[in-house]
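In listed order, ligands and their atoms are each counted from 1. All heavy atoms count here, side chains included; hydrogens, waters and symmetry mates do not.
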Amino acid sequence: MSYMEDDFFNNVIDLYRKNEWKNILNLNEKSNIQKATRILWVWPSEEDIRFIENIIVGNGLRGIISIGCGSGLLEWILQQSTELEIIGVEVNEEWWQSKYSCPTFIKLTFPTFPLDAEVLNPEYALLFCYFNDGSAFQEYVRNYKGSTVIIIGPSYGKGRHTDPQPFEAKFPTSDWEVRSFKEVKNTGDFIVYYTKLTTAYIEPPIVPLV
Ligand SMILES: C[S@@+](CC[C@H](N)C(=O)[O-])C[C@H]1O[C@@H](n2cnc3c(N)ncnc32)[C@H](O)[C@@H]1O
């Protein structure tokens, strides 16, 4: 069945045209419809959206660069529901312009490799939602000079695999740590916020005993 013949997908498109992002979230609020993952792997609640927004605003950042954004539906919802600037990055431009690909909700950016560090503006957080290439993840983070990374993906036991895994992400350096996290509704998917430690640990001076 093509996207255009699918009622669920047509409902999404209809609400997208009417700018009704909340109603798009409501379409899959309780049911976890399997085919919904064809256009977005994780269907957040508004609370989840606010959790992401607070991370960005709390760090004084301009927005989010979403790597491997796919259809860009989550990114469009973030754009509509917040004041954040959202950039969606994908690979394989030819595929995304073909008639076989899933329709897209935002303009996609296709970087060239090796990566130009300009693509990864440090005033934005990097987001990886259900990303599936651990070595590309490392390359993106290595070229990113900012300090906020958000990973969305399944926790253990959900029977799905992503790379990076939200709680077991293999960063290129050891100075990244989990700052906070939130489960997406009761789905077993998690939003995990990592931050880069910027201040080096300095040994306290030894105070001589008198
Ligand atoms: C499982 S899909 C997730 C799509 C979307 N984030 C979502 O949650 O619905 C992973 C996406 O990552 C993209 N991807 C894979 N390697 C990539 C790379 N090196 N740079 C950018 N995107 C990449 C794929 O094309 C695919 O669209």
Between the candidates Asp133, Asn132, Ile39, which shows the shortest non-hydrogen contact distance to atom 15 (C) of ligand 1?
-> Asn132

Checking heavy-atom distances from atom 6 (N) of ligand 1 to each of Gly70, Gly68, Gly88, Ser66, the winner is Gly68

Flag for [Y]-[X]: side-chain donor and acceptor within less than 3.5 Å:
| X | Y | result |
| --- | --- | --- |
| Tyr193 | Asn59 | yes |
| Tyr124 | Arg62 | yes |
| Glu168 | Tyr156 | yes |

Are any of the side-chain nitrogens in [X] or [Y] under 4.0 Å away from the carboxylate oxygens of its partner?
| X | Y | value |
| --- | --- | --- |
| Asp6 | Arg38 | yes |
| Asp48 | Lys185 | no |
| Glu139 | Arg142 | no |

Give a yes/no verdict on whether any heavy atom in Trp95 is under 4.0 Å from an atom of ligand 1.
-> no

Considering only the protein, which heavy-atom contact is closest to [atom], and what is its distance?
| atom | result |
| --- | --- |
| atom 25 (O) of ligand 1 | Glu90 OE1, 2.7 Å |
| atom 21 (C) of ligand 1 | Tyr140 OH, 3.3 Å |
| atom 8 (O) of ligand 1 | Cys129 SG, 3.2 Å |
| atom 9 (O) of ligand 1 | Trp41 N, 3.0 Å |

Location of contacts on Cys69 toward ligand 1, heavy atoms closer than 4.0 Å = backbone

Is it the side chain, the backbone, both or neither of Ala136 that has a heavy atom closer than 4.0 Å to ligand 1?
-> side chain

Any N or O on [X] sitting closer than 3.5 Å to an N or O of ligand 1?
| X | result |
| --- | --- |
| Tyr130 | no |
| Phe131 | no |
| Trp96 | no |
| Leu40 | no |
| Glu75 | no |

Trp43: which of Phe8, Tyr130, Trp21 passes ring pair (Phe, Tyr, Trp, His ring centres under 6.0 Å) = Phe8

Glu90 side chain to Gly70 backbone, donor-acceptor under 3.5 Å = yes

